Novice: 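For reference, the structure I am asking about is given below.
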Amino acid sequence: MRGRTALAALTLLALGGCATGPSLENRGQVTAPPGDSRTLTVGSAGFTESDLLAQMYALLLNQAGHRTSLLTVANRELYEPALESGQIDVVPEYAATFADWLNAKTHGADAKAVGSPDLGATMRALRALAAPRGLTVLPPGRAVDQNAFAVTAAYARRHRLKTLSDLGASGLKVRLAAGDECVRRPYCAPGLRKVYGIDITGVDPKGVGTTQAKRAVQEGRDQMVLTTTTDATLDSFGLVLLADDKRLQNADHVVPVVNRARAGGPGVAKALGRLNDVLTTGDLAAMNRQVDSWRRLPADVARAYLKDKGLLK
């Protein structure tokens, strides 16, 4: 995967130079009628879930009459300009994360975040930022890959915990396994204290959802771990998620983002919209598990899922 990603990145740099969107001479692309090109390139960010989504997008687009190729570029700083220029036509993204990234690109690194737990507000901000760059953000699906917190199943049973509110009400002291940034990020330790009243006694800097972090909780050295809602390995560590019942986390729903001039037409939206109707957060987690734990190929897992849901002949 490293070689494949590096090759893709070099190709994009060679083709696009330092492009950051349509040039002044080509600004007409931004307001041009939405396109429905027969040949489309689907981008992936190079991690398991992005590969799975890209494979499903390609299969659905193929079935709708398009010819697709896949390109893996792990760096958003490279694939987003390629999306603007039409070197990549379609890419799976996450609403709040992409909104904040485009906002920082447009208004500077210190710009106030526009992603929030409110999906509607997040989507409005995202579309407003994407449109001037010649990008169309299609409707979000049901699947969400956002930050989440897990404890051992035994700990949850013993203290009758199902939600983060339950943990706050319990008065338990909690050492949290997470990344270094958790100390200051509003969605992490500060938010857990402020929104839920959880007594976070410290942050054990073991990373987000890493094996070391999960093992620390499994073995009782820490009580909770920061991970994601589509983490495929929680069961193997005896961990369960506590529900974010007060919506501390941002609305990182899966959204297809397309180059308007090449893939902004109704055909692409209709083809990819079929996936929105069925794909859930649990489905994504299950597919991640098949790739990461069972060592199945993303293309095979994606095809089997679409066939099982009646989306692929």
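Nothing here was measured: the structure is a model prediction, and the numbers come from that model. For reference, positions follow the sequence shown, starting with 1.
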Novice: Compare all side-chain heavy atoms of L241 with those of T227 and state whether any distance is below 4.5 angstrom.
Specialist: yes
Novice: Would you please say whether a donor-acceptor pair under 3.5 Å links the side chains of D199 and T201?
Specialist: no
Novice: Check the pair L284, V254 against side-chain contact (heavy atoms from CB on, under 4.5 Å), reporting the backbone distance first and the verdict last.
Specialist: CA-CA 10 Å; L284 267 182; V254 173; 4.0 Å; yes
Novice: Quick check against the 3.5 Å criterion: does N62 have a side-chain atom that pairs as donor or acceptor with the backbone of T68?
Specialist: yes
Novice: Could you please spell out the steps behind the side-chain contact (heavy atoms from CB on, under 4.5 Å) verdict for K246 and S165?
Specialist: CA-CA 8 Å; K246 292 184 179 179; S165 288; 3.4 Å; yes
Novice: Ignoring hydrogens and angles, tell me if any N or O in the side chain of S37 forms a donor-acceptor pair with the backbone of L40 under 3.5 Å.
Specialist: no
Novice: Can you confirm whether more than 12 heavy atoms, excluding those of R38, are under 6.0 Å from its CZ atom?
Specialist: yes
Novice: List the steps, then state whether side-chain contact (heavy atoms from CB on, under 4.5 Å) holds for L279 with L53.
Specialist: CA-CA 10 Å; L279 184 66; L53 289 164; 3.8 Å; yes
Novice: Answer yes or no: is there an ion pair linking E84 with K105, defined by an N-O contact shorter than 4.0 Å?
Specialist: yes
Novice: Is any side-chain heavy atom of V90 closer than 4.5 Å to a side-chain heavy atom of L272?
Specialist: yes
Novice: Answer yes if V225 and V183 sit in the same cluster of Ile, Leu, Val, Met, Phe, Trp and Tyr residues linked by side chain heavy atoms under 4.5 Å apart, and no otherwise.
Specialist: no
Novice: Would you say T229's side chain and V144's backbone share a donor-acceptor pair under 3.5 angstrom?
Specialist: yes
Novice: Any chance the side chains of Y94 and D100 put a donor and an acceptor closer than 3.5 Å?
Specialist: no
Novice: With a 4.5 Å limit on heavy-atom distance, are the side chains of L164 and L248 in contact?
Specialist: no
Novice: Tell me, do F98 and L129 make a side-chain contact under 4.5 Å, heavy atoms counted?
Specialist: no
Novice: Taking Q63 for its side chain and K313 for its backbone only, find out whether a donor-acceptor pair lies under 3.5 Å.
Specialist: yes
Novice: Assess the residue pair D244 and F149 against the criterion (side-chain contact (heavy atoms from CB on, under 4.5 Å)); give the C-alpha distance rounded to whole Å, side-chain angles, the decisive distance to 0.1 Å, and a yes or no.
Specialist: CA-CA 8 Å; D244 179 21; F149 297 91; over 6 Å; no
Novice: Judged by modelled atom types alone, do R262 and T41 share a side-chain donor-acceptor pair under 3.5 Å?
Specialist: no
Novice: Taking the side chain from Q249 and the backbone from Y187, do they hold a donor-acceptor pair closer than 3.5 Å?
Specialist: yes
Novice: Within the side chain of R127, is there an N or O that forms a donor-acceptor pair under 3.5 Å with the backbone of V137?
Specialist: yes
Novice: Side chain of T106, backbone of N103: donor and acceptor closer than 3.5 Å?
Specialist: no
Novice: What I'd like to find out is whether the side chain of H159 reaches to under 4.5 Å of the side chain of L172, using heavy atoms alone.
Specialist: yes
Novice: Taking the side chain as every heavy atom from C-beta outward, state whether L102 and E80 have any atom pair closer than 4.5 Å.
Specialist: yes
Novice: Report yes or no: do Y305 and Q55 form a side-chain donor-acceptor pair below 3.5 Å?
Specialist: no
Novice: So does L311 get a backbone contact from the side chain of R274, meaning a donor-acceptor N/O pair under 3.5 Å?
Specialist: yes
Novice: Sub-3.5 Å donor-acceptor pair from the side chain of T233 to the main-chain atoms of S236, do we have one?
Specialist: no
Novice: D231 side chain to T228 main-chain N or O, any donor-acceptor pair under 3.5 Å?
Specialist: no
Novice: Using side-chain heavy atoms (C-beta onward) and a distance below 4.5 Å, is R185 in contact with N147?
Specialist: no
Novice: Do D252 and T97 have a side chain donor and acceptor closer than 3.5 Å?
Specialist: yes
Novice: Would you say that D204 contacts L176 through its side chain, given a criterion of any heavy-atom pair below 4.5 Å between the two side chains?
Specialist: no
Novice: Using a 6.0 Å cut-off, check whether atom CZ of R193 has over 12 heavy atoms from anything other than its own residue.
Specialist: yes
